[in-house]
Amino acid sequence: MKKIFLILTLFSFLSVGAQTLKGGVSQDYIPKGFFGSWGVISKLSNSNNPSLFNYESRDIWTLSGYGDTLVLENLESGARSEIKVKDKSHDGKTLKFEREKTVNENGKKVVYKETVCFVLYGNNFSGTDDFIVERYDSDNEFVKKDSAKYIISGVRISGTNP
């Protein structure tokens, strides 16, 4: 019994004061209000080559994410995209991102660039999508640049607005 008492006494004197570390993933990059399913309408506002771009589209998007990664899915078409968001939302309702994709079409490089900015208004969002297509010849020399600006509107189908 004396040994147990001695051990408990030693533990009480030897205890070390330390701070507990706490951590977690910040959602500052992607405002939580954007998470959920959305009915989205995109309308072509202007373009230097309107025949290349769709005039209007109506889609259902599912937006989710983690950390600085936005996951955008179109369940109807099967399209899925994971986008790294570089700009943190300072107001909790703005989502900005850029993405770029380079493909090889018949030995020629084509670069697709997109810059998106959405602002959340409760169960709705609106914004713009600037789309650029750059074409290069087989010697990697710039040939042509086509661009389009879309006006985007979304209405929440499911999910909650925190």
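For the pair Lys101 and Tyr112, the NZ or CZ position fails the cation-pi test of under 6.0 Å to the six-membered ring centre and within 45 degrees of the ring normal.
Side-chain contact check for Leu95 versus Leu70: some heavy-atom pair is nearer than 4.5 Å. Side-chain atoms of Glu114 and Asp130, non-hydrogen and from C-beta on, never get closer than 4.5 Å to each other. Taking 4.5 Å as the limit, every side-chain heavy atom of Pro31 sits out of range of all side-chain heavy atoms of Thr94. For the pair Thr128/Ile152, no side-chain contact is recorded, criterion being any heavy-atom separation below 4.5 Å from C-beta on. Residues Tyr66 and Ile30 have side chains not in contact (no heavy-atom distance under 4.5 Å, counting atoms from C-beta outward). Two residues are said to be in side-chain contact when any heavy atoms from C-beta on lie closer than 4.5 Å; Phe35 and Thr62 fail this criterion.
Asp137 places a side-chain N or O within 3.5 Å of a backbone atom of Asp139 that can act as its donor or acceptor partner. Judged purely by atom type and a 3.5 angstrom limit, Asn48 uses its side chain to pair as donor or acceptor with the backbone of Ser147. At distances below 3.5 Å, not a single donor-acceptor pair connects side-chain atoms of Tyr150 with backbone N or O atoms of Asn46. Looking only at distances, no side-chain donor or acceptor of Asn54 sits under 3.5 Å from a matching main-chain atom of Glu56. A donor-acceptor pair under 3.5 Å is absent between the side-chain atoms of Arg156 and the main chain of Gly39, judged by distance alone.
Lys108 and Ser138 are not linked by any side-chain donor-acceptor pair at a separation below 3.5 angstrom, with hydrogens and angles left out of the test.
Aromatic ring orientation, Phe125 versus Trp38: perpendicular (interplanar angle above 60°, classes split at 30° and 60°). In this structure, Phe53 and Phe131 have perpendicular ring planes: the angle between them is above 60°, well past the 30° mark.
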For a side chain to side chain contact (heavy atoms under 4.5 Å, CB included) check, start with the C-alpha distance between Ser126 and Phe118, then their side-chain angles and the critical distance, and finish with the verdict.
CA-CA 5 Å; Ser126 63; Phe118 297 146; over 6 Å; no
Run the side chain to side chain contact (heavy atoms under 4.5 Å, CB included) test on Ile60 and Ile157 for me, step by step, so that the C-alpha distance in whole Å, both residues' side-chain angles and the decisive distance to 0.1 Å come before the verdict.
CA-CA 9 Å; Ile60 296 177; Ile157 296 172; 4.0 Å; yes
Quick one: do Val110 and Thr102 satisfy side chain to side chain contact (heavy atoms under 4.5 Å, CB included)? Show the steps, please.
CA-CA 6 Å; Val110 181; Thr102 302; over 6 Å; no
Evaluation steps, side chain to side chain contact (heavy atoms under 4.5 Å, CB included), between Ser153 and Val40:
CA-CA 6 Å; Ser153 300; Val40 180; over 6 Å; no
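With respect to Lys113 and Glu134, a salt bridge is recorded, a charged nitrogen being found less than 4.0 Å from a carboxylate O. Salt bridge annotation for Lys96-Asp87: absent, with no cationic side-chain nitrogen under 4.0 angstrom from a carboxylate oxygen.
Closest heavy-atom contact between Ile83 and Ser81: CG1-OG, 3.6 Å.
Under a cut-off of 6.0 angstrom, the local environment of CD1 in Ile132 is crowded, with over 12 non-hydrogen atoms contributed by other residues, nucleotides or ligands. Heavy atoms of other residues, nucleotides or ligands lying less than 6.0 angstrom from NZ of Lys109 number more than 12. Sparse packing is recorded around CD of Glu76, with 12 or fewer heavy atoms of other residues, nucleotides or ligands lying under 6.0 Å away.
Atom NZ in Lys144 sits 7.0 Å away from atom CZ in Arg135 (nearest 0.5 Å). Note that OH of Tyr136 is 10.0 Å distant from CD of Glu141, once rounded to the nearest 0.5 Å. Of the inter-residue distances, the one linking Leu52 atom CG with Asp146 atom CG reads 5.0 Å to the nearest 0.5 angstrom. The CG atom of Leu120 sits 13.5 Å away from atom NZ of Lys32, with the distance rounded to the nearest 0.5 Å. The line from OG of Ser42 to OH of Tyr55 is 12.0 Å long, rounded to the nearest 0.5 Å. Note that CG of Asn74 and CZ of Arg80 are 13.0 Å apart. Values are rounded to the nearest 0.5 Å.
Linking Ile, Leu, Val, Met, Phe, Trp and Tyr residues whenever their side-chain heavy atoms come within less than 4.5 Å places Trp61 and Val116 in a single cluster.
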